[in-house]
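Just below is one structure, and these are the notes that go with it.
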Amino acid sequence: QVQLVESGGGLVPAGGFLRLSCAASRSIFSIVAMGWYRQAPGKQRELVATITSGSVTNYADSVKGRFIISIDNAKNTVSLHMNSLKPEDTAVYYCNAKTVHLTTYEYWGQGTQVTVSS
């Protein structure tokens, strides 16, 4: 069963903007943080941005000032507003959700492709 469903992504010219959204299944509870990670060809997966259920954010240096992450706790969704996109932002973007039960547990989405043309 798919528990994190991503939407958005696509092809956008440099300088453009795009919004990614991720909805967590209602079967996922005790979410303490959600976030976005990305993986470009030949590179390791890296953190893009995270946000706690209390809306405390953390951004990779490469996206600070350009990307904004937000969370809607009532809807169990997280969004990533990407502005001033650069070709180096091209990657597969993965949604992540962190929960706490007896121990911490992480869920991952299937990934959505973002391609920024020069």
Side-chain angles (χ1 to χ4, degrees):
Q1 181 179 345
V2 178
Q3 296 184 285
L4 293 180
V5 180
E6 297 144 321
S7 62
L11 177 64
V12 65
F17 63 91
L18 203 62
R19 177 182 175 178
L20 304 181
S21 296
C22 174
S25 170
R26 61 183 180 181
S27 66
I28 299 177
F29 60 94
S30 298
I31 293 176
V32 297
M34 298 185 75
W36 291 92
Y37 295 73
R38 67 187 182 188
Q39 186 167 22
K43 295 185 177 181
Q44 292 185 317
R45 185 175 60 188
E46 65 177 0
L47 180 149
V48 178
T50 60
I51 184 167
T52 70
S53 59
S55 296
V56 177
T57 60
N58 183 49
Y59 296 92
D61 288 340
S62 59
V63 307
K64 286 181 179 178
R66 299 190 298 119
F67 291 9
I68 298 175
I69 190 170
S70 61
I71 192 169
D72 186 334
N73 293 314
K75 297 181 179 179
N76 268 14
T77 60
V78 64
S79 297
L80 185 68
H81 300 259
M82 303 183 292
N83 302 303
S84 301
L85 284 162
K86 304 175 180 180
E88 49 263 45
D89 294 318
T90 296
V92 177
Y93 285 69
Y94 297 91
C95 179
N96 169 270
K98 183 178 180 180
T99 66
V100 176
H101 303 288
L102 294 178
T103 61
T104 59
Y105 189 84
E106 293 190 353
Y107 297 83
W108 292 93
Q110 78 286 348
T112 184
Q113 178 70 47
V114 171
T115 302
V116 184
S117 61
S118 60

Distance-minimising heavy-atom pair for [X] and [Y]:
X	Y	result
V63	V48	CG2-O, 3.5 Å
S117	P13	OG-CA, 3.4 Å
A40	T90	CB-O, 3.7 Å
N76	I28	ND2-O, 3.3 Å
R19	S79	NH2-OG, 3.2 Å

Nearest 0.5 Å please: distance from the [atom1] atom of [X] over to the [atom2] atom of [Y].
X	Y	atom1	atom2	result
S21	K75	OG	NZ	10.0 Å
Y94	L20	OH	CG	13.0 Å
Q113	T115	CD	OG1	4.0 Å
Y107	S27	OH	OG	6.5 Å
Y105	T103	OH	OG1	9.5 Å
Q3	C95	CD	SG	12.0 Å

Let me see the working for N96 and E106 under side chain to side chain contact (heavy atoms under 4.5 Å, CB included), right down to the final yes or no. CA-CA 7 Å; N96 169 270; E106 293 190 353; 3.4 Å; yes
So, [X] and [Y]: side-chain donor and acceptor under 3.5 Å apart, yes or no?
X	Y	result
Q110	E6	yes
R38	Y93	yes
T99	H101	yes

Should C22 and V5 be marked as a side chain to side chain contact (heavy atoms under 4.5 Å, CB included) after you check the CA-CA gap, both sets of side-chain angles, and the distance that decides it? CA-CA 5 Å; C22 174; V5 180; over 6 Å; no
Find out whether [X] and [Y] are in side-chain contact, i.e. whether some heavy atom of one side chain is under 4.5 Å from a heavy atom of the other.
X	Y	answer
V92	T112	no
L18	L85	yes
T50	Y59	no

Looking at W36 versus F67, is the centre-to-centre ring distance below 6.0 Å? no
If Ile, Leu, Val, Met, Phe, Trp and Tyr residues are connected whenever their side-chain heavy atoms lie under 4.5 Å apart, and connections chain through other members, are Y37 and I51 in the same group? no
Same apolar cluster: W108 and L47, side chain cutoff 4.5 Å: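 The answer is yes; both residues are in one hydrophobic cluster.
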Take V114 and V116 through the test side chain to side chain contact (heavy atoms under 4.5 Å, CB included) and record every step on the way to the result. CA-CA 7 Å; V114 171; V116 184; 4.2 Å; yes
Only residue of V78, T52, N73, D72 satisfying side chain to side chain contact (heavy atoms under 4.5 Å, CB included) with M34 is V78
Please determine if K86 and D89 form a salt bridge, counting it only when a charged side-chain N lies under 4.0 Å from a carboxylate O. no
